[in-house]
Amino acid sequence: MRKPLVAGNWKMHGSRASVTALVEGLLDLGATPCQTLICPSFVFLDQVQRQLAGSDIALGAQNLDWHDKGAYTGEVSAEMLVEFGCSHVLVGHSERRSLFAETDVQVGLKVEKCLSSGLTPVICIGESLAERQADETFTVVQRQLDAVIRQVGVTALRHGIIAYEPVWAIGTGESATPEQAETVHVHIRQYLAKQDENISQNIQLLYGGSVNGENAADLFAQENIDGALVGGASLKVDDFLRICRAAV
Ligand code: PGA
């Protein structure tokens, strides 16, 4: 049985005060109903790690560098993230790919670094609107997955999570329909099954892109959607909690 996971991607939002209040809000509600992960900006990891002590909410980062250490100005290593209490890292988010020119090969290297450091990569894949309109959705997600599998091998994905996030649905308020998302999730599972049946059945496949308290239950009702990667709605305690409740 795959466990549902709801992950919040806080992106470049927050201040000391607002982050403190947001985490307090989540903690006030007691145990979250499903496996929950929050990914604040790097600069808030220390503060959130302290706040989360003793809670079952997991802490993640939004990115990492694949080198161990060295002259990589502005980058953050896996070892640093582990020291600051992270168990997960978002890798290959579409904003990293499109705004910061992150390549499929780099995404593979980052996944490899996560795995060798004991961090769980949340591997983000998904097509742009133009790619969807050109009927290339499956080709794009396969290409993105292949780059990772080439680097780490398919069985290594037993320690990973995949988030399918169609680029056209991210931050637009226009989520994929449950059927659209499920179709791609089924395809991803079938594609993985050709290489490793066990991985295909057990890997958590999250959907991301304008998930909110309203649409989460319908998305999670789909057999192959195991949770969500949530941006905007993860910054609001009530909305995020509603999504967590819908996941169980
Ligand atoms: P959104 O972002 O929920 O605001 O669409 C999702 C994401 O970028 O992971």
Side-chain angles (χ1 to χ4, degrees), residues 4-14 18-19 22 26 32 34-42 44-45 48 57-64 86 88-102 107 110-111 114 120-129 131-132 137 140-141 144-145 148 160-178 180-182 184-185 188 204-220 222 225-247:
L5 167 68
V6 175
N9 172 11
W10 293 358
K11 307 194 181 186
M12 198 172 73
H13 290 292
S18 73
V19 164
L22 183 49
L26 293 174
T32 42
C34 68
Q35 195 189 356
T36 308
L37 165 70
I38 51 177
C39 303
S41 157
F42 289 135
F44 299 123
L45 287 175
V48 176
I57 299 176
L59 181 62
Q62 299 172 16
N63 186 24
L64 84 168
C86 291
H88 294 69
V89 185
L90 307 183
V91 179
H93 188 280
S94 75
E95 286 150 20
R96 300 288 327 158
R97 294 179 189 261
S98 67
L99 302 175
F100 302 97
E102 210 164 281
V107 172
K110 290 181 179 198
V111 170
C114 284
T120 301
V122 180
I123 305 159
C124 304
I125 59 175
E127 82 289 358
S128 67
L129 184 58
E131 288 163 340
R132 172 161 285 260
T137 300
V140 170
V141 296
Q144 292 169 331
L145 280 176
V148 172
I161 295 169
I162 294 173
Y164 167 60
E165 297 203 299
V167 179
W168 48 271
I170 295 177
T172 58
E174 193 201 320
S175 166
T177 64
Q180 280 174 322
E182 174 71 1
V184 182
H185 282 222
I188 293 169
Q204 286 171 309
L205 286 188
L206 312 183
Y207 165 77
S210 297
V211 177
N212 56 42
E214 289 288 312
N215 61 20
D218 288 343
L219 287 160
F220 298 158
Q222 303 296 314
I225 299 182
D226 306 320
L229 179 54
V230 186
S234 70
L235 297 167
K236 295 174 231 145
V237 174
D238 291 350
D239 240 9
F240 192 62
L241 194 78
R242 238 179 116 189
I243 298 168
C244 293
R245 288 206 181 104

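Everything numeric here is computed off the predicted structure, so don't read it as measured data. Numbering of ligands and ligand atoms starts at 1, following listing order.
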Practice task
Consider only side-chain N and O atoms of Q144 and Y164, and report whether a donor and an acceptor are under 3.5 Å apart.
Solution key: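 Per modelled atom types, Q144 and Y164 side chains form no pair under 3.5 Å.
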Exercise for the section: Report all protein residues having a heavy-atom distance below 4.0 Å to some atom of ligand 1; order the list by chain, then number. Expected result: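 Lining ligand 1: N9, K11, H93, E165, A169, I170, G171, G209, S210, L229, V230, G231, G232.
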Problem - Ionic contact status for R97 with E102, cut-off 4.0 Å - result: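 Looking at E102 and R97, the cut-off is not met.
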Practice task
Can you tell me which residue pairs pass the side-chain hydrogen bond (donor to acceptor under 3.5 Å, both in side chains) test with a partner in residues 227-241, sequence neighbours excluded?
Solution key: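 Checked against side-chain hydrogen bond (donor to acceptor under 3.5 Å, both in side chains) - neighbours excluded - no pair reaches residues 227-241.
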Exercise for the section: Starting from the C-alpha separation in whole Å, work towards a yes-or-no answer on side-chain contact (heavy atoms from CB on, under 4.5 Å) for N63 and R96. Expected result: CA-CA 8 Å; N63 186 24; R96 300 288 327 158; 3.4 Å; yes
Exercise for the section: Decide side-chain hydrogen bond (donor to acceptor under 3.5 Å, both in side chains) for E127 and W168; before the verdict, give the C-alpha distance in whole Å, the side-chain angles of both, and the deciding distance to 0.1 Å. Expected result: CA-CA 8 Å; E127 82 289 358; W168 48 271; 2.9 Å; yes
Exercise for the section: Measure the spacing between CG of L99 and NE2 of H93 and express it to the nearest 0.5 Å. Expected result: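 The NE2 atom of H93 is 9.5 Å from CG of L99, to the nearest 0.5 Å.
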